[in-house]
Amino acid sequence: MEDSYRHKGLRKKLVNELEKKGITDQNVLSAINSVPRHLFMESGFLNFSYKDSAFPIGAGQTISQPYTVAFQTQLLKLKPQEKVLEIGTGSGYQTAILLEMGANVYTIERQYELFMKSKSLLESLKYTAHFFYGDGYKGKPTYGPYHKILVTAGASEIPQNLISQLMVGGLMVIPLGDNTGQDMVVIEKVSENKTKTTKHGKFIFVPMLKGTNK
Ligand code: SAH
């Protein structure tokens with residue numbers, strides 16, 4: 001599928017809308033402006049690709065709302081070349097945003113169907129990331145520690161494995177709560193055994209589940 005002038009125009013509008021909603025990081029806005037979200041949508045929802053909403057992507061999961069993607073990415077305070085562990089590849093859209101910003105991305109998905117689909121989509125778009133099928137609660141210690149960790153599913157508790165895979169000085173952005181809603185939480189690892197937590201408003205994500213699903 002092509003990326004037409006019409007798509008580019010709709011994307012620019014979406015970027016303006018996100019700015020109005022309070023997204024200020026120019027690198028984040030520029031990444032949203034660059035990534036063709038329509039390529040990450042299910043065919044039945046193509047007309048809504050540049051609407052600021054979440055949509056189904058199969059396997060009972062959703063592509064996150066662009067505002068949520070922008071907000072989480074802004075909280076990460078990304079610098080180019082940083083090593084980022086993403087939990088919940090989903091459609092791969094957030095992965096593409098991180099790559100567009102120059103991050104070195106390690107991404108884990110527990111739904112086999114989504115893992116396969118998003119890996120091949122991103123590879124066909126020449127977005128290079130490290131894809132893993134597995135349980136994000138375990139993280140990926142082999143490639144850690146990471147500068148940043150981004151969780152894109154709602155977790156009921158802080159996954160201690162992930163804290164231990166974060167570098168000292170690193171940040172983890174994670175929606176924490178039950179299935180009625182989550183607080184957007186930033187956890188800064190200030191020293192080897194000390195963390196500092198701040199809250200950044202309410203969101204609703206699909207749940208972060210244990211184990212894998214084939
Ligand atoms: N960033 C994605 C968000 C997808 S929704 C996007 O923009 O499309 C969250 C994803 O997290 C789902 O695909 C779900 O299957 C996945 N997920 C939930 N629990 C997980 C876990 N323990 N490990 C890895 N992925 C998980």
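Order of listing sets the numbers, starting from 1, for every ligand and every atom in it. Throughout, numbering of the chain's residues begins at 1 and tracks the sequence.
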Top protein contact for [atom], by heavy-atom distance:
atom                    : value
atom 23 (N) of ligand 1 : G136 N, 2.7 Å
atom 4 (C) of ligand 1  : T62 O, 3.0 Å
atom 18 (C) of ligand 1 : P207 O, 3.6 Å
atom 7 (O) of ligand 1  : S64 N, 3.5 Å
atom 9 (C) of ligand 1  : T152 O, 3.3 Å
atom 6 (C) of ligand 1  : S91 OG, 3.5 Å
atom 26 (C) of ligand 1 : R110 CG, 3.5 Å

Ignoring hydrogens and geometry, is there a side-chain-to-backbone donor-acceptor pair from N104 to K83 under 3.5 Å? no
| So, Q65 side chain and D52 main chain: donor-acceptor pair closer than 3.5 Å or not? |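 Between the backbone of D52 and the side chain of Q65 there is a qualifying donor-acceptor contact (under 3.5 Å).
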Ligand 1 atoms nearer than 4.0 angstrom to some heavy atom of M208 are 18 (C), 19 (N), 22 (N)
Looking only at non-hydrogen atoms, the one of E109, Q61, E86, Q72 nearest atom 16 (C) of ligand 1 is E109
With no hydrogens and no angle check, do the side chains of T95 and E86 hold a donor and an acceptor under 3.5 Å apart?
yes
Review point. Is it true that the side chains of E100 and Y127 contain a donor and an acceptor less than 3.5 Å apart?
Key: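 Yes, because at least one side-chain N or O of E100 sits under 3.5 Å from a partner of the opposite role on Y127.
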(Q) If the contact criterion is a heavy-atom separation under 4.0 Å, does T89 count as touching ligand 1? (A)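 Yes, T89 has a heavy atom closer than 4.0 Å to ligand 1.
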* Does some non-hydrogen atom of G211 fall short of 4.0 Å from ligand 1? -> no
Less than 3.5 Å between some nitrogen or oxygen of [X] and one of ligand 1, yes or no?
X    : answer
G88  : yes
L209 : yes
D135 : yes
L114 : no

If the test is ring-ring contact (aromatic ring centres under 6.0 Å, His included), which one of Y50, F55, F40 qualifies with F45?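 Testing each of Y50, F55, F40 against F45, the sole residue satisfying ring-ring contact (aromatic ring centres under 6.0 Å, His included) is F55.
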*Check the surroundings of atom CG in L125: do more than 12 heavy atoms from other residues, nucleotides or ligands lie under 6.0 Å from it?*
yes
Charged tip of K140 within 45° of Y106 ring normal and under 6.0 Å =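 No, K140 does not lie over the aromatic ring of Y106.
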Under 3.5 Å, sequence neighbours excluded: what are the donor-acceptor pairs made by side chains of residues 175-183?
{"unit_1": "D178", "atom_1": "OD1", "unit_2": "T180", "atom_2": "N", "d": "2.9"}
{"unit_1": "D178", "atom_1": "OD1", "unit_2": "T180", "atom_2": "OG1", "d": "2.5"}
{"unit_1": "Q182", "atom_1": "OE1", "unit_2": "F205", "atom_2": "N", "d": "2.8"}
{"unit_1": "Q182", "atom_1": "NE2", "unit_2": "D178", "atom_2": "O", "d": "3.1"}
{"unit_1": "D183", "atom_1": "OD1", "unit_2": "K202", "atom_2": "NZ", "d": "3.4"}

